[in-house]
There are 2 protein chains.
Amino acid sequence: MAIINETFKALSDATRRKIIRLLRERDMTAGEIAEQFNMTKPSISHHLNSLKQARLVLDERHGQHIVYSLNTTVVQEVMGWFLEIVSGEEETGREGEQR
Amino acid sequence: MAIINETFKALSDATRRKIIRLLRERDMTAGEIAEQFNMTKPSISHHLNSLKQARLVLDERHGQHIVYSLNTTVVQEVMGWFLEIVSGEEETGREGEQR
DNA sequence: TCCGTATTTAGACGTTCTTCTAAGTATCTA
DNA sequence: TAGATACTTAGAAGAACGTCTAAATACGGA
């Protein structure tokens, strides 16, 4: 699947959008994230995997825990797509700028 | 369904995103839109209905034709949600501004 | 090396989504 | 008012999705 499509699909679920909002505050382990929802851990794990496939989040093992964080680079990129699709803004593509 | 969720779902499909891009160029009838896709008219009609439910497009009958256009007000609003969710920008809520 | 904790993977089940064909509704024109 | 055109609605089939329970894997500590 094209990555852009995967990313929009990832954003189409309310649970996953809430996970993104949580990770905007701070990095969290899978367990900490699961605590915020009325849902089993396997279900949250599945959602985290969707976000990972879409490259919206990154995971890193720290001992027994797996810490999830926002992939800010891709989040910026996605924002560019979104602006392009929804409001007609073209990406400027200025060099040397982080996005 | 919460309208915000419906809107993100509407944006999660590539066909619907292409319809939005087409309507950014100019208003089009259902038939003109359908011509741009390898898909039956009923299928396109269904996608147009999704976009209408999400308030992303408006429709207006002109004789035999139904003309679709972008609902720019809502598109701006959605962009605000998107920025809020994905990049942490809060809406400013400045009064008197159109959005 | 065995046990407990953290997390994922596998498999199943019901729901929602996308698409199709067939049939219906609305409008214009003769 | 009958026929043609534009579009939608209805109903069905298959794929994708979200959730669950049960089982597997990975790691740390006794």
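Just so you know, these numbers use all the heavy atoms, side chains as well, and skip hydrogens, waters and symmetry mates. Each chain gets a letter, A, B and so on, in the order the sequences are listed, and its residues count up from 1.
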**Q** Tell me: NZ of B/K41 to C1' of C/dA22, nearest whole Å?
**A**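 B/K41 atom NZ is separated from C/dA22 atom C1' by 16 Å.
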**Q** Rounding to a whole Å, what distance do you find between B/N5:CG and D/dG18:P?
**A**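 It works out to 10 Å between those atoms.
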**Q** What is the distance, rounded to the nearest whole Å, between atom CG of A/N38 and atom C1' of D/dG18?
**A**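 So the two atoms are 15 Å apart, to the nearest Å.
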**Q** Whole angstroms only, please: what is the NE2-C1' distance between A/H46 and C/dA12?
**A**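 Answer to the nearest Å: 14 Å.
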**Q** Hey, is the side chain of B/S43 poking within less than 4.0 Å of OP1 or OP2 on C/dC20, counting only N and O atoms?
**A**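 Result: yes.
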**Q** Rounded to the nearest 0.5 Å, how far does CG of B/D13 lie from NZ of A/K9?
**A**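 It is 5.5 Å, given to the nearest 0.5 Å.
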**Q** Just list the side-chain donor-acceptor pairs under 3.5 Å for residues 32-41 of chain B, sequence neighbours left out, or say none.
**A**
residue	atom	partner	partner atom	Å
B/E32	OE1	B/T29	N	2.9
B/T40	OG1	B/S43	N	3.4
B/T40	OG1	B/S43	OG	3.0

**Q** Name every residue in residues 51-66 of chain A that has at least one heavy atom under 4.0 Å from any atom of DNA chain C, in order of residue number, or write none if there are no such residues.
**A**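 Only A/Q64, A/H65, A/I66 qualify.
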**Q** Start with the C-alpha distance between B/R24 and A/E84, add both sets of side-chain angles, then the distance that settles salt bridge (charged side-chain N to carboxylate O under 4.0 Å, His left out), and finish with yes or no.
**A** CA-CA 10 Å; B/R24 245 175 43 212; A/E84 201 275 321; 3.7 Å; yes
**Q** Please give, in whole Å, the distance from C/dT7 C1' to A/M28 CE?
**A**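 One finds 15 Å between C1' of C/dT7 and CE of A/M28, rounded.
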**Q** When the distance from CG of A/L48 to C1' of C/dA6 is rounded to whole Å, what number comes out?
**A**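 So the CG-C1' distance, A/L48 to C/dA6, works out to 13 Å.
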**Q** Out of curiosity, B/L51 CG to B/I20 CD1, how far, rounded to the nearest 0.5 Å?
**A**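 Between atom CG of B/L51 and atom CD1 of B/I20 there are 5.0 Å.
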**Q** Would A/V67 end up clustered with A/L22 when hydrophobic side chains under 4.5 Å apart are linked, directly or stepwise?
**A**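 In one cluster with A/V67: A/L22, no.
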**Q** Taking only N and O in the side chain of B/T29, is any of them less than 4.0 Å away from OP1 or OP2 of D/dC7?
**A**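 For D/dC7, OP1 or OP2 has a side-chain N or O of B/T29 closer than 4.0 Å.
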**Q** Decide yes or no on side-chain contact (heavy atoms from CB on, under 4.5 Å) for B/L11 and B/F82, but give the supporting numbers first.
**A** CA-CA 11 Å; B/L11 289 170; B/F82 188 84; over 6 Å; no
**Q** Heavy atoms under 4.0 Å, any strand shown: does B/H47 hit a base, just sugar-phosphate, or nothing?
**A**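 Sugar-phosphate contact only.
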**Q** Using a cut-off of strictly less than 4.0 Å, decide whether A/Y68 has a side-chain nitrogen or oxygen near OP1 or OP2 of C/dA6.
**A**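 No, because none of the side-chain N or O atoms of A/Y68 sits under 4.0 Å from OP1 or OP2 of C/dA6.
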**Q** Just report the end-to-end axis angle for the helix from C/dT1-D/dA30 to C/dA30-D/dT1, five pairs per end, to 10 degrees.
**A**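 Comparing the first five pairs with the last five, the axes sit 20° apart.
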**Q** Mind calculating the distance between CD1 (A/I44) and C1' (C/dT9) to the nearest angstrom?
**A**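 In whole Å, C/dT9 C1' and A/I44 CD1 are 16 Å from each other.
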**Q** Just do the side-chain contact (heavy atoms from CB on, under 4.5 Å) check on B/M28 and B/L23 with the steps written out, would you?
**A** CA-CA 7 Å; B/M28 295 176 88; B/L23 292 178; 4.1 Å; yes
**Q** What closest approach, in Å, do B/A10 and B/S50 show between heavy atoms, and which atom pair accounts for it?
**A**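 That would be CB-O, 4.4 Å.
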**Q** Whether A/T40 contacts D/dC20 is assessed here as follows: a side-chain N or O lying under 4.0 Å from the phosphate OP1 or OP2. Is that the case?
**A**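 True: A/T40 side-chain N/O within range (under 4.0 Å) of D/dC20 OP1/OP2.
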**Q** Rounded to the Å, how far apart are B/E32 CD and D/dA6 P?
**A**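 Spelled out: CD on B/E32 to P on D/dA6 is 11 Å.
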**Q** Before you tell me yes or no, could you show the steps for A/N71 and A/V75 under side-chain contact (heavy atoms from CB on, under 4.5 Å), namely the whole-Å CA-CA distance, both residues' side-chain angles and the distance that decides it to 0.1 Å?
**A** CA-CA 6 Å; A/N71 185 347; A/V75 165; 5.5 Å; no
**Q** Let's see if you can work this out: which of D/dT8, D/dC20, C/dT8 has an atom nearest to the side-chain heavy atoms of A/M39?
**A**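 Of D/dT8, D/dC20, C/dT8, D/dC20 is nearest to the side chain of A/M39.
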